[in-house]
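Here the structure comes first, spelled out in structure tokens, and everything after it is commentary.
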Amino acid sequence: MLIDDDVPMLKVLKQMIDWDELRLRIVGSTYSSAKALHLFQETWPDIVVTDIGLPQKNGIELAEAFRHMKPDIRVIFLTCHEDFHYAQQAVKLNADDYLLKDQLTAEQLEQSLQKSIRSLHSKVTPLYQKTSNYSSDLFKQGLLQRILDGVDPQTTREYAAGLGISWEYPWFMMGIVHLHYSSYEQLYVQSNVSLISYAIYNIAVELAASYEGITPFLEQDHLIVMYNFRQNLAGNAYSHFQAFLRELRFGAERFLKLRLNVSAVTDKIGLADLGSCYHQMIRHKHEFYANGEFTATDMGFLHRQLFFPLPQRILDGYKSDLERAVLGNDMRSIRELMANLAQLAQEKRFEPDDFVREITMLLRGIDMMFSEKKSDEARYAYLADARTLEDVMELAERQLAFIAQHKQKGSSAAIREPKLQMIQQFIDQHLADNITSIDMARYLYLNSSYFSRYFKRLTGINFTDYVHQYKMGIAAKMMKSSGQTLESLAMGLGYSDRTYFSKVFKKYIGMTPSEYKTKHAVGKYAK
């Protein structure tokens, strides 16, 4: 039986392999989890291929329901989410496989089905064991999704109760826990972010056993901590929640040598409002200027304007100084400049995402000009995910140190410019396109106005003239040796208008295409 709320995907699955050749028959398919339960009872399949991310009941919940009806059912999970804990849970759930839709091949599907067939023949362990902590985590993931989607609170409480989570009080506090990537990258590789996040989640779960009302969740690469409490005059609820978060940070430091960034809302939040509160906190990085520990005691604080737009080109003044410091491998000056930049951001309270984007552009520009060794893209990924100014500046300073240590041999003023060979390569690969300086700057991860100034210093002409001149040189060569029509030649070089092409040709070659062809034809016959 096939289950997927993406109807075209059902069609793909049906046509992807020869089911008869595997001695399998599709007894039913549906896009609805509700219909899937009825269809299962009607067709009684041996193998179910189901998407995990279904509305209403997800694939994990369906698998549990199927197991109650038929204990030896085999299940293959499909999903779009390349998520570590989903994969881990599916394996521990004793599912036969976990396949990513966007990477699915006929061979993978056949191998998974063969595995299910072998399991049926050998009557292996049932799909789901009630005692499995891993399957419990998967159902918790379903609970979290209900909260974030704003599902009816009563239904959500009932779902939580079914997992042994008692939320009997009306109010919640919420904490969000992120990795401090500057500490992370010194100990672990980027591919293990999900694994380490899961380890932190396990620490949180173990701690929560000693803290009444606290439930940790794992969401991609961060944790969400929810605390169900009742209000009292002594204020013990606030202290209770803060104590848990402090102990979690200590545990991560002790066992994993990692720092954590924690933001929390300790106001009274209703269950129906938890989802919107979470999205607000994730979107706006309220903790950015709080040195990794931010607490809002008033929900209204999250909705007030906290940050200000970043003025255009405000970082330009730092670039030349940083270039000189990198060129001279002057780490003291690099640290001082970055500290000044951090102080400016702190004082002006720039919009975090704008500031990170400009810092990244600044680093990539310097990287492009100096570094002989290709930079590890992981650090730029960490920059994009960093949640605090401190984390951003530590990562940025480390990247500048890397560039200074691996700068090209014989560095001089000339190599401070963007590399002409890379620009040339890009033009060659896009001859049929109308390339602008904005396209080129984006390719080099540079500010467009900055790129234009530097390119003119490098070549003596502006970028547009350089591209036209280069293309007209190619056109002139092809007119001597190729039988292409003028229209075909113009189109191949990115000029859809023949008249405009002729005008550009005359400007850079000194004569019209017709005059040029006539001249070189005369020269050819004279020989």
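Fair warning: this is a prediction, and the values are worked out from it, not measured in the lab. The basis for the numbers below is simple: all heavy atoms, side chains too, and nothing from hydrogens, waters or symmetry mates. Heads up: numbering here begins at 1 and tracks the sequence.
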E110 and Q114: side-chain hydrogen bond (donor to acceptor under 3.5 Å, both in side chains), yes or no, with the steps? CA-CA 6 Å; E110 286 186 6; Q114 291 283 15; over 6 Å; no
Would V356 and F288 count as a side-chain contact (heavy atoms from CB on, under 4.5 Å) if you check the C-alpha gap in whole Å, the side-chain angles of each, and the deciding distance to 0.1 Å? CA-CA 11 Å; V356 172; F288 192 75; 4.1 Å; yes
Is there side-chain contact between L113 and W19, with heavy atoms separated by less than 4.5 Å? yes
When you check the gap from the basic side-chain N to the acidic O, do R74 and D96 get nearer than 4.0 Å? yes
Aromatic plane relationship, F350 with F355 - under 30° parallel, 30 to 60° tilted, over 60° perpendicular: parallel
Listed once per pair and sorted, the salt bridge (Lys or Arg N to Asp or Glu O under 4.0 Å) pairs that draw on residues 273-286, sequence neighbours left out: K285-D353
Please evaluate residues T215 and N228 with respect to the criterion side-chain contact (heavy atoms from CB on, under 4.5 Å), reporting the C-alpha separation (whole Å), side-chain torsions for both, the decisive distance (0.1 Å), and the verdict. CA-CA 8 Å; T215 308; N228 183 233; over 6 Å; no
Testing the basics here: between D5 and G53, what is the closest heavy-atom pair and its distance to 0.1 Å? OD2-O, 3.9 Å
Spell out, as yes or no, whether a donor-acceptor pair under 3.5 Å connects the side chain of D267 to the backbone of M299. yes
Please examine the side chains of F77 and T50, heavy atoms only from C-beta on, and report whether any two atoms are closer than 4.5 Å. yes
So which pairs with a foot in residues 146-155 pass side-chain hydrogen bond (donor to acceptor under 3.5 Å, both in side chains), sequence neighbours left out? Q145-D149, D152-T155, Q154-E158
Under the criterion side-chain hydrogen bond (donor to acceptor under 3.5 Å, both in side chains), which of N261, D221, T388, D391 is the partner of Y181? D221
If the threshold is 4.0 Å, N to carboxylate O, is there a salt bridge linking E377 and R364? yes
Between E253 and R249, does at least one N-O distance fall below 4.0 Å, as a salt bridge requires? no
Ring centres under 6.0 Å, that's the criterion: do F307 and Y289 meet it? yes
Side-chain H-bond candidate by donor/acceptor type, D385 with Y184, under 3.5 Å: no
Heavy-atom pair with the smallest gap, counting every atom of A401 and M331: CB-CE, 3.5 Å
In T30, V48, I3, V27, the residue satisfying side-chain contact (heavy atoms from CB on, under 4.5 Å) with F40 is V48
Flag if over 12 foreign heavy atoms under 6.0 Å of CD, Q108: yes
Test log, rule side-chain contact (heavy atoms from CB on, under 4.5 Å), inputs K101 and D51: CA-CA 9 Å; K101 290 184 184 180; D51 183 16; 3.3 Å; yes
Just so I know, are the side chains of I203 and L256 near enough to count as touching, which here means a heavy-atom distance under 4.5 Å? yes
Anything under 30° is parallel, anything over 60° is perpendicular, the rest tilted; go ahead and classify F241 against Y227. parallel
Closest non-hydrogen atom pair between I359 and L341, with its separation: CD1-CD2, 3.4 Å
Of E397, E394, E390, R379, which is the lone residue that meets side-chain hydrogen bond (donor to acceptor under 3.5 Å, both in side chains) with S182? E394
Exam field: side chain K70 to backbone P45, donor-acceptor pair closer than 3.5 Å: yes
For A345 and L389, the nearest pair of non-hydrogen atoms, with its separation, is CB-CD1, 4.2 Å
I want to check something: taking the side chain as every heavy atom from C-beta on, are L362 and K319 in contact at a cut-off of under 4.5 Å? yes
Candidate pair L223 and L218, rule side-chain contact (heavy atoms from CB on, under 4.5 Å), full reasoning: CA-CA 5 Å; L223 269 63; L218 180 61; 3.8 Å; yes
Under 3.5 Å: donor-acceptor pair, side chain of S333, backbone of D330: no
Ring centroid separation for H240 and F229, is it under 6.0 angstrom? no
Side-chain (S112) to main-chain (D97) donor-acceptor, under 3.5 angstrom: no
So do the side chains of L310 and F308 get within less than 4.5 Å of each other, counting heavy atoms only? no
Name of the residue among R387, H222, E219, H286 meeting side-chain contact (heavy atoms from CB on, under 4.5 Å) with I176: H222
Between D46 and I73, the two heavy atoms sitting closest are O-CD1, 3.3 Å
